[in-house]
Amino acid sequence: MQPDARFRFENFVVGSANRLAVAAARAVAESPGAAYNPLFIYSASGLGKTHLAGAIGNHARQLQPTLQVEYVTLDDFMEQLHAAISIGQTATFTQRYQHVDILLLDDVQFLTGRRETQTEMLRLFNALAGTGRQIVMTSDRPPNEIADVDERLVTRLAGGLIVDIGAPDYETRVAILRNKCDERGVALRPNVLEELAKTEYGNVRELQGALNRIIAQQQLGGPVRTDQVRVVLGEPAPAWRAPTPAKERGGEYMSFLSDVASVVAQNVEGWRMRLSEAVAYWNGEGYRTQVLERALHMPKAPDIEGLLGMYTAAVERLRALEQEVNAIDPALGASEVFRDPERVRDAEDVVRRAEAGEVPPPGPSSAFTRAGFEVSPSNQLAVKAADAVAADPGGKYNPLFVHGPSGVGKTHLANAIGNEIVEASGGAIGVSFVSAGEFIDELIAALQDGTLERWRARYRAAGALIIDDIQFMAGKERTQEELFHIFNALHGAGKQIVLTSDREPKDLDGLEERLRSRFEGGLVVGISSPDRALREKLYARYLSLVEPPPEDGLLEYLSDRPASSVREIIGTVNRLVAAADVAGVSLNVDLARKELEGVGSAPAPAPVNARAMDAFFLDDEKVVWDWPDVAGRAIEEWR
């Protein structure tokens with residue numbers, strides 16, 4: 001569903017309580033997937049979350065008309081998921097959203113207790129974020145206050161920019177009221193709106209309801225005086241009728257649109273119009289249309305019937321192939337090859353290989369590089385082991401078992417190992433990277449569909465296998481049994497195996513002894529929380545991207561502060577950048593002390609930004625920011 005066209009930045013009134021949220025929303029709309037991903041907006045009901053989310057989608061489409069924007073409430077998302085499950089079309093449901101460029105998900109607070117929806121959302125989140133697609137979510141509370149939600153999902157929701165919207169202040173209420181009156185073409189007596197705005201309504205909907213009463217009273221009984229405002233608000237609101245002028249303006253506008261359409265139809269060549277309509281339609285269906293777009297720029301009309309017929313036939317063939325491959329492995333159906341009518345042969349090849357069990361699970365994310373992984377005594381041993389494995393896969397430290405608390409870099413290092421193996425071998429070694437959750441879900445699907453042998457063949461076809469978060473397999477007997485056989489097959493063939501976990505094998509309750517002994521038979525190495533040396537390197541990297549450059553002493557101050565994970569370091573920098581942006585000053589130690597410790601005093605802001613420096617924005621429980629790492633934003637996935 002497309003966002004409501006009425007929701008635009010132009011008619012969203014900006015005040016001190018929402019300035020940060022609006023700035024972040026504009027940044028996301030102008031650079032989807034590159035600024036703050038995900039963007040999480042929370043506030044009480046009626047303060048503009050949905051309006052702001054819709055404005056992001058509409059503004060992004062205005063700047064880049066080809067973007068696929070999808071707006072959906074969590075209730076609708078759950079209904080679609082349950083319907084897909086009931087008819088056995090879960091893979092189709094997932095693929096639909098994986099092709100979206102910007103996903104706007106409203107009211108995610110209803111995730112509470114919805115374990116199946118959480119699992120699907122986590123999978124979708126990883127797929128979208130991994131391909132640089134933008135996710136925007138709204139809620140009536142921050143992620144850590146949404147009860148009974150998978151910790152992995154909460155971590156990812158909190159890994160981007162979290163920003164709230166507060167109740168509007170007096171000046172903002174006046175501006176909102178004036179804006180609403182302008183939209184309706186309503187004129188009230190002087191100072192009536194100012195008097196109405198003096199009442200501190202909890203949200204914009206209440207404020208708008210009060211304005212409706214004033215407008216209705218004026219329509220029924222004449223202009224309302226300032227001294228009558230409170231009396232009117234104390235009475236039941238009469239039924240409100242849309243003013244006649246608005247209807248007249250609507251009719252004039254529709255007439256204008258009709259005239260424009262008529263002129264365009266008379267002046268644009270018919271064949272170009274037909275091709276343009278086809279491009280718009282197939283783009284909406286999620287297919288690439290370069291072949292049609294090239295024809296649009298031809299000086300003379302091509303064989304339109306033949307071109308559109310060939311294109312449609314290619315799409316139908318892709319749909320049939322996609323359906324075939326989904327029956328084998330739903331993950332393969334998400335490949336872009338099934339969305340490009342010029343690559344039908346490539347799609348046929350994917351299906352052929354999948355039927356033969358020759359297609360291993362997908363590889364590591366290219367965003368996680370070895371060069372982007374900072375080294376210090378807290379992770380030095382793990383990095384040395386990773387480098388040795390990448391240099392001689394299957395020959396040394398097999399398996400490699402990396403453990404450590406959440407957010408310290410396990411996932412990054414595991415992906416980096418896979419990328420180094422692929423690069424060093426020139427692509428000759430196919431590396432498969434899968435999370436334990438994905439492994440379990442695939443196994444269940446294979447058992448349901450009767451495709452277990454094909455599923456096993458896929459994993460045995462991998463040149464190297466990396467499994468992330470192996471701790472989630474504990475207690476799952478059938479999963480461990482299948483992993484045992486796959487492990488033996490790969491290890492016996494001299495293929496590298498890398499595993500990550502939040503604990504050592506000996507501390508994993510519910511892990512079968514036969515697997516535990518095999519995991520410990522290679523090298524078990526840990527990564528601890530960042531030490532000072534690592535904190536200094538990471539802070540130096542992120543602060544080097546800040547403009548204007550931070551003042552002297554800030555790096556040393558931040559490096560001395562303990563941090564439990566890399567995510568915490570990223571969040572600290574983002575938080576300080578946000579505070580400095582709002583204050584209109586450069587980063588410095590005094591600002592950092594006030595923001596992080598609540599002591600000292602921040603430098604005085606520039607005069608033009610004096611009103612922006614208020615307690616709301618500098619409250620250290622309300623400002624959370626996601627760092628747009630230019631070199632590789634995916635570092636936020638550290639574990």
Side-chain angles (χ1 to χ4, degrees), residues 119 122-123 126 150-153 155-156 331 360-365 368 379 381-383 385-386 389-390 393-394 397-418 421 431-444 446 455-456 458-460 462-492 495-528 565 637-639:
T119 300
L122 181 61
R123 184 183 297 110
N126 290 335
D150 190 314
E151 183 180 355
R152 295 172 297 167
L153 183 56
T155 300
R156 284 161 175 75
S365 170
F368 295 103
N379 60 26
L381 183 57
V383 173
V389 164
Y397 308 142
N398 194 18
L400 175 63
F401 191 103
V402 182
H403 66 89
S406 177
V408 296
K410 303 186 301 295
T411 300
H412 186 145
L413 189 59
N415 275 279
I417 292 172
I421 292 175
V431 179
S432 295
F433 185 100
V434 64
S435 70
E438 292 168 340
F439 187 94
I440 295 168
D441 290 343
E442 288 180 8
L443 172 58
I444 293 173
W455 177 83
R456 289 169 176 164
R458 287 184 66 229
Y459 278 92
R460 287 179 171 84
L465 177 62
I466 303 173
I467 303 181
D468 199 21
D469 289 330
I470 199 75
Q471 70 271 12
F472 292 113
M473 292 190 184
K476 298 176 174 59
E477 296 179 3
R478 182 58 186 271
T479 300
Q480 293 187 46
E481 179 182 351
E482 292 298 333
L483 177 60
F484 173 77
H485 295 299
I486 291 173
F487 184 103
N488 286 344
L490 295 178
H491 193 272
K495 298 179 179 180
Q496 182 65 49
I497 301 170
V498 178
L499 309 165
T500 75
S501 173
D502 62 355
R503 285 158 284 170
E504 296 184 54
K506 65 180 181 180
D507 295 329
L508 289 175
D509 295 332
L511 181 67
E512 294 180 3
E513 188 59 37
R514 58 180 178 173
L515 280 178
R516 191 192 316 275
S517 63
R518 282 164 174 76
F519 294 168
E520 293 177 340
L523 175 64
V524 178
V525 62
I527 300 179
S528 58
S565 69
E637 289 291 326
W638 280 53
R639 300 188 178 200

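Model, not experiment: these values are computed from the prediction.
- Residues meeting the side-chain hydrogen bond (donor to acceptor under 3.5 Å, both in side chains) test with Arg123, sequence neighbours left out: Glu120, Asp441.
- Applying the salt bridge (Lys or Arg N to Asp or Glu O under 4.0 Å) rule to pairs touching residues 513-522 yields Glu512-Arg514, Glu513-Arg516, sequence neighbours excluded.
- By the side-chain contact (heavy atoms from CB on, under 4.5 Å) test, Ala474 pairs with no residue at all, sequence neighbours left out.
- Under the rule for a salt bridge (charged side-chain N to carboxylate O under 4.0 Å, His left out), Glu438 has no partner lying at least two apart in sequence or in another chain.
- Partners of Phe433 according to the ring-ring contact (aromatic ring centres under 6.0 Å, His included) rule, which considers only residues two or more places apart in sequence or in another chain, do not exist here.
- Not less than 6.0 angstrom separates the ring centroid of Phe472 from the ring centroid of Phe439.
- Proximity of a side-chain donor or acceptor of Lys476 to a complementary backbone N or O of Gly510 within less than 3.5 Å is not detected.
- In this structure Asp502 satisfies the side-chain hydrogen bond (donor to acceptor under 3.5 Å, both in side chains) test with no other residue, sequence neighbours excluded.
- In this structure, His412 and Phe368 have perpendicular ring planes: the angle between them is above 60°, well past the 30° mark.
- Judged as a side-chain contact (heavy atoms from CB on, under 4.5 Å), and not counting sequence neighbours, the contacts of Ser565 are Arg567, Glu568.
- Closest approach of Pro505 to Leu511, counting heavy atoms only: O-CD2, 4.1 Å.
- Here Leu381 pairs with Val525 under the side-chain contact (heavy atoms from CB on, under 4.5 Å) rule; sequence neighbours left out.
- In terms of modelled atom types and a separation under 3.5 Å, the side chain of Lys410 and the main chain of Gly404 share a donor-acceptor contact.
- Within the 4.5 Å cutoff, the side chain of Ile527 has heavy atoms near those of the Val402 side chain.
- Residues passing the side-chain hydrogen bond (donor to acceptor under 3.5 Å, both in side chains) test with Arg478, sequence neighbours excluded: Glu482.
- Put simply, the side chain of Gln496 gets close to the backbone of Tyr397: a donor and an acceptor are under 3.5 Å apart.
- At least one donor-acceptor pair closer than 3.5 Å links the side chain of Asn398 to the backbone N or O of Ile497.
- Side-chain polar atoms of Asp468 and Thr411 form a donor-acceptor pair below 3.5 angstrom.
- Leu508 places a side-chain heavy atom less than 4.5 Å from the side chain of Ile470.
- Counted within 6.0 Å of CZ on Phe487, heavy atoms from surrounding residues, nucleotides or ligands total more than 12; the atom is thus considered enclosed.
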